[in-house]
Amino acid sequence: MHSDTTGSWTPVALSADLPAGTVMPVQIPAGSLALWRTDSGHTAASADRCPHRGMRLSHGFVRGEALSCIYHGWSYAQAGNCLRIPAHPGLVPPETIRVVTHMVEEADGVIWVALGRPEGRPPGLEGLVPLRSLTALANIDAIAAAAGGKTSPQGIVEVASGTGTICLLLSRQDEDRTLIHVLLKGITDQAARIAAVRSTESLRRKAEDIHKKEFAQ
Ligand code: FES
């Protein structure tokens, strides 16, 4: 798996959207990953393909500190090694049975994944409070145009609101689709948070219109 984001951090989900003991699919330009959190709270990112017969591991389940495939129940550790093959309970799985894993970092309520070896850690988001994530059928340029702003080197577009700033942390999923993580700066009361949600949804519609007119092939 290789893409133009190899060697850099991609914000794939908000921490709140991945409770302990769960797995979810996340999309990056290079393809789909299984993002999961162990019962004790550690995050892991695995290729979304079981080495046995190719079932998507994001359809599987987490038990304790392992991710199990839904098809025949082979289970894998965070490091990718196979821990157990239910059809052969007495067998210690050989080291050669492994699922590919990727680096994961979690900070300031955001989970980041890197393919390859990035230099340094993900950008700091101190002072920003995660609100929600939503997918737009639009590329990053269309979203920046809809917001009337520029994307910062961290991949953030800022939108002024009545009481503070809405920060859109953008994560390209493919040519025509972007995951938007909405983070708030200085917005704390409930009414302002609801207004921020509405404002972001309206910005998404505008971005999708711009994308259709200017970028879609
Ligand atoms: S396909 Fe995953 S255990 Fe068989």
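Ligands are counted one by one from 1 in listed order, and the atoms in each one are counted from 1 as well.
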- Query: Does His52 bring an N, O or S atom to under 2.8 Å of atom 2 (Fe) of ligand 1?
  - Reply: no
- Message: Between Lys213 and Glu208, does any NZ, NE, NH1 or NH2 come within less than 4.0 Å of an OD or OE carboxylate oxygen?
- Response: no
- Does the side chain of Ser40 come under 3.5 Å of the side chain of Glu65 through a donor N or O and an acceptor N or O? yes
- Query: Should the heavy atoms of other residues, nucleotides or ligands under 6.0 Å from OH of Tyr71 be counted, would the total exceed 12?
  - Reply: no
- Any idea which N/O/S atom from His72 gets closest to atom 4 (Fe) of ligand 1? ND1
- Query: Applying a 4.0 Å heavy-atom criterion (strictly less than), which segment of Trp74 is in contact with ligand 1: side chain, backbone, both, or neither?
  - Reply: both
- Do you see an N/O/S atom of Cys69, backbone or side chain, under 2.8 Å from atom 2 (Fe) of ligand 1? yes
- Task: Give the residue and atom name of whichever protein heavy atom lies nearest to atom 1 (S) of ligand 1, and the separation in Å to one decimal.
- Result: Arg53 N, 3.3 Å
- Message: Is any side-chain heavy atom of Val129 closer than 4.5 Å to one of Leu183?
- Response: no
- Message: I'd like to know if the side chain of Glu106 pairs up with that of Ser15 as donor and acceptor (distance under 3.5 Å, no hydrogens or angles considered).
- Response: yes
- Ligand-side contact atoms (ligand 1) for residue partner Cys50, heavy atom cut-off under 4.0 Å: 1 (S), 2 (Fe), 3 (S)
